[in-house]
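Keep in mind it's a predicted model, so treat the numbers as computed, not measured.
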Amino acid sequence: MSKAARHILLTGSTGFVGRAVTRVLHHAGHRLCHVVRQGSADRIPALGAKDRVIEVPDLFAQTATWWAEAMQGQDLVLHMAWYAEAGQYQTSPKNNDCLIGTLAMAQGAGLAKLRRFVGVGTCLEYDLHTPQAERKSVGTNSPLNPQSPYAAAKAACSLALGHSLPQAGVEFLWARLFYLHGAGEDPRRLMAALHENLSKGQPMALTSGQQVRDFLDVADAARMLADDALSDRCGVSNICSQTGITVRALAEHVADQYGRRDLLQFGTRPDNPDDPPYVVGHRGPNPHPLFPQSATSGTGAKAMTERMTQ
């Protein structure tokens, strides 16, 4: 898809990632249609002169017919909305609502004869807990094995849409986000909490910090996501830095900005035994199809669908 000015329907443009993506797309001169929850439009970071805002009580409760009408005249849908309440989203039953609502949205895309649909997933869809996964980067062809309702809903969504949208003549890309931080981050997340506590001279209770993560500033992630969305990439894309750093080293880097490493209390919080020790992404030169053999056996579409309905 050409990067010339496009008509793009966005969901999630009031969220952490969505606000950053909206800024990137506005800067590039694209015309945006924002579908947002009623009363939240003031959180869109900027509105272009030709932008459109559609407010609904619950975007995940809209019918396929409603979405087909909303998508008329659009070149692309970039679907970033999902339930993301910090501390709640991983296990919330609302993940099922988001999954069902997204399937209706995709059905609407087919009815509207939309050219391209881009959804946003998570690195937690991958199999990160096997011995083979330790110290090995996760590529777009890596097997899936989600360990939470949130990750399972995302993985099931990617697999379902990866079949249905191309059959309806709609290009489909699923962009999996790794560990993002930056402007507008929820204060309960690691980086924001570090800055909040250290700037006030308050101690910060931490785990051992030995976990290795692929951290990426949300502004860089937004540019990467927008580029992938406007490209001809189909299948899976990883939005990642391709570089690993321990949580300890990251925390020390932040603490050095305040000269207060003494406030970092490593080991005062227990390590989570379910937390994967190593998560680093790999983008690769090209996207990978959604259905490698390893992703459709054992922990593939059927197993994930069963997990979601249990």
Side-chain angles (χ1 to χ4, degrees), residues 10-12 17-18 21 59-60 64 67 76-84 89-90 92 94-110 114 116-128 133 138-178 180 221 224-225 228-229 231-240 279 281-284 286-309:
L10 300 178
T11 72
V17 176
V21 170
L59 68 88
F60 292 107
W67 281 112
L76 161 72
V77 165
L78 178 48
H79 176 41
M80 299 174 286
W82 202 272
Y83 177 69
Y89 73 95
Q90 287 280 359
S92 174
K94 291 183 179 180
N95 286 295
N96 288 333
D97 299 332
C98 295
L99 170 58
I100 294 168
T102 300
L103 296 179
M105 189 186 309
Q107 186 180 0
L114 187 75
R116 184 167 172 82
F117 187 106
V118 178
V120 174
T122 171
C123 64
L124 299 178
E125 297 171 50
Y126 290 118
D127 188 352
L128 304 173
V138 178
T140 55
N141 62 342
S142 295
L144 306 182
N145 188 15
Q147 297 294 306
S148 69
Y150 166 71
K154 288 283 192 178
C157 190
S158 71
L159 293 168
L161 270 57
H163 279 298
S164 63
L165 285 172
Q167 288 180 0
V170 181
E171 293 180 2
F172 176 61
L173 176 69
W174 189 253
R176 293 187 173 123
L177 306 180
F178 280 64
L180 307 186
M224 195 179 296
L225 178 55
D228 285 357
S231 74
D232 294 322
R233 295 173 69 104
C234 292
V236 178
S237 171
N238 283 340
I239 306 300
C240 59
V279 185
H282 179 65
R283 280 179 62 76
N286 297 300
H288 195 280
L290 274 165
F291 307 109
Q293 180 64 33
S294 56
T296 55
S297 61
T299 58
K302 180 179 179 182
M304 280 180 277
T305 301
E306 289 175 349
R307 186 179 304 170
M308 287 301 303
T309 56

Note, Cys123 side chain near Val138 side chain (heavy atom, < 4.5 Å)
no
Worked verdict on Leu144 versus Tyr126 for side chain to side chain contact (heavy atoms under 4.5 Å, CB included):
CA-CA 4 Å; Leu144 306 182; Tyr126 290 118; 3.7 Å; yes
Leu225 side chain near Val120 side chain, heavy-atom distance below 4.5 Å:
yes
In terms of heavy-atom contacts, Gly281 and Cys240 come closest through C-SG, 3.6 Å
Applying side chain to side chain contact (heavy atoms under 4.5 Å, CB included) to Ala81 and not counting sequence neighbours gives Thr11, Leu59, Phe60, His79
Candidate pair Cys98 and Lys154, rule side chain to side chain contact (heavy atoms under 4.5 Å, CB included), full reasoning:
CA-CA 9 Å; Cys98 295; Lys154 288 283 192 178; over 6 Å; no
I'd like to check the ring pair (Phe, Tyr, Trp, His ring centres under 6.0 Å) partners of Tyr89; sequence neighbours left out, ordered by chain and number.
Tyr150
Can you tell me how far the CD atom of Glu171 sits from the CG atom of Leu114, to the nearest 0.5 Å?
9.5 Å
Considering all heavy atoms, the nearest Leu173-Ala229 contact:
CD2-N, 4.3 Å
Within this structure, what is the CD-CZ distance for the pair Gln167 and Phe172, rounded to the nearest 0.5 Å?
13.0 Å
Run Leu103 and Leu161 through side chain to side chain contact (heavy atoms under 4.5 Å, CB included) and show every step you take.
CA-CA 7 Å; Leu103 296 179; Leu161 270 57; 3.2 Å; yes
Minimal non-hydrogen separation, Glu125 against Ala155, with atom names:
OE1-CA, 3.3 Å
Which residue, Arg176, Arg283, Arg116, forms the salt bridge (charged side-chain N to carboxylate O under 4.0 Å, His left out) with Asp228?
Arg283
Using side chain to side chain contact (heavy atoms under 4.5 Å, CB included), reason through Val21 and Leu78 one step at a time and then give a plain yes or no.
CA-CA 10 Å; Val21 170; Leu78 178 48; 3.7 Å; yes
Kindly write out the residues that satisfy side chain to side chain donor-acceptor pair (under 3.5 Å) with Trp67, not counting sequence neighbours, or none if the list is empty.
none
If you look at every heavy atom in Pro149 and Ser92, which pair is closest and at what distance?
CB-O, 4.5 Å
Approximate separation, where rounding is to 0.5 Å, of Asn238 CG and Leu177 CG:
9.5 Å
Could you check if a side-chain atom of Trp82 sits within less than 4.5 angstrom of a side-chain atom of Thr102, using non-hydrogen atoms only?
yes
Atom pair CD1 (Ile100) and CG (Asn95), whose distance is rounded to the nearest 0.5 Å:
11.0 Å
Rounded to the nearest 0.5 Å, how far apart are CG of Leu10 and CE of Met80?
4.5 Å
Which heavy atom of Ala109 sits nearest a heavy atom of Leu165, and at what distance?
CB-CD2, 4.2 Å
